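For reference, the structure discussed in these notes is given below.
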Amino acid sequence: MLGFVSAHSPWNTISNLELRRPYKSLRDDLVLPSATTLSNICQREYVLTVNAIKNQLPIRNKVSLALDGWTSMNKLAITSVIVYYMDRNWALSDVRLAFDGVDRLFGSRFES
């Protein structure tokens with residue numbers, strides 16, 4: 001699944017026999033999921049991730065939304081979306097909402 005998400009491939013690509021053949025040749029007992037199963041797994045993980053982020057954010061508290069961008073030592077352009085807030089002890093806290101590389105042709109792809 002990670003390969004399909006990373007490659008931004010449509011779920012129905014998994015149904016392509018020519019794509020399935022190399023996987024089967026590498027490992028005959030490999031069971032590849034259907035497009036529906038991949039979609040269901042992704043939706044479930046999305047809900048779990050959103051709930052985990054919501055649980056980290058303060059209730060009835062003001063937050064600041066920040067966008068950050070930088071270039072790593074190996075010339076990768078990175079962008080992120082961060083929520084900052086003060087906790088009960090007045091300590092600055094943050095939650096990262098998105099973190100992605102920037103494609104020089106198409107811009108950033110935030111997919112939370």
Side-chain angles (χ1 to χ4, degrees):
M1 179 169 162
L2 182 59
F4 280 90
V5 172
S6 299
H8 302 283
S9 297
W11 297 127
N12 62 358
T13 306
I14 195 73
S15 302
N16 183 298
L17 293 176
E18 295 303 317
L19 178 71
R20 295 174 79 89
R21 193 171 290 144
Y23 288 107
K24 286 299 219 177
S25 69
L26 291 172
R27 194 168 148 204
D28 192 41
D29 63 336
L30 181 65
V31 178
L32 292 172
S34 68
T36 302
T37 301
L38 281 176
S39 179
N40 290 339
I41 291 169
C42 188
Q43 287 175 0
R44 184 184 70 231
E45 291 299 317
Y46 174 79
V47 169
L48 290 172
T49 301
V50 168
N51 288 336
I53 289 172
K54 283 181 180 178
N55 290 335
Q56 292 179 40
L57 294 173
I59 298 172
R60 296 188 191 117
N61 198 349
K62 293 182 180 183
V63 299
S64 293
L65 186 64
L67 304 175
D68 194 8
W70 65 95
T71 303
S72 66
M73 303 263 306
N74 58 352
K75 306 289 187 214
L76 279 173
I78 307 291
T79 58
S80 66
V81 179
I82 307 166
V83 170
Y84 289 99
Y85 62 93
M86 303 301 283
D87 68 14
R88 291 180 184 181
N89 298 320
W90 289 92
L92 181 63
S93 299
D94 62 82
V95 177
R96 281 166 181 60
L97 299 180
F99 181 86
D100 201 359
V102 176
D103 186 328
R104 292 182 185 191
L105 295 176
F106 300 109
S108 179
R109 301 172 313 270
F110 285 115
E111 299 170 1
S112 300

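What you see below is based on every heavy atom in this structure, not just the backbone, and it leaves out hydrogens, waters and symmetry mates. Please read all numbers here as calculations on a predicted model, not as lab measurements. Residue indices begin at 1 and follow the sequence shown.
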Taking all non-hydrogen atoms of both residues into account, name the closest pair between [X] and [Y] and its distance.
X	Y	answer
Tyr85	Asp94	CE2-N, 4.4 Å
Leu38	Pro33	CD2-CG, 3.8 Å
Arg96	Ile82	CG-CG1, 4.0 Å

Would you give me the side-chain donor-acceptor pairs under 3.5 Å for residues 56-67, sequence neighbours excluded?
residue	atom	partner	partner atom	Å
Asn61	ND2	Met86	O	2.9

Spatial distance of atom OH (Tyr23) from atom CG (Leu30) [nearest 0.5 Å]: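 Answer for the OH-CG pair, Tyr23 versus Leu30, is 9.0 Å.
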
Pairwise distance CH2(Trp70) to CG(Leu76) - rounded to 0.5 angstrom: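 One finds 11.0 Å between CH2 of Trp70 and CG of Leu76.
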
Under 3.5 Å donor-acceptor, Asn16 side chain and Glu18 backbone: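 Yes, because the side chain of Asn16 sits within donor-acceptor range (under 3.5 Å) of the backbone of Glu18.
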
Donor-acceptor contact present, side-chain Arg20 to main-chain Ile14, <3.5 Å: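 Between the backbone of Ile14 and the side chain of Arg20 there is a qualifying donor-acceptor contact (under 3.5 Å).
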
Set of salt bridge (Lys or Arg N to Asp or Glu O under 4.0 Å) partners for Arg44, sequence neighbours left out: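 For Arg44, no residue satisfies salt bridge (Lys or Arg N to Asp or Glu O under 4.0 Å) once neighbours in sequence are set aside.
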
Partners meeting salt bridge (Lys or Arg N to Asp or Glu O under 4.0 Å) with Asp87 (sequence neighbours left out):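 Testing Asp87 for salt bridge (Lys or Arg N to Asp or Glu O under 4.0 Å), a comparison that skips the adjacent residues, returns none.
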
Between Ser39 and Thr36: side-chain donor-acceptor atoms closer than 3.5 Å: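 Not at all, the side chains of Ser39 and Thr36 share no donor-acceptor pair under 3.5 Å.
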
Just so I know, are the side chains of [X] and [Y] near enough to count as touching, which here means a heavy-atom distance under 4.5 Å?
X	Y	value
Arg27	Asp29	yes
Ile53	Leu97	yes
Trp11	Ser34	no

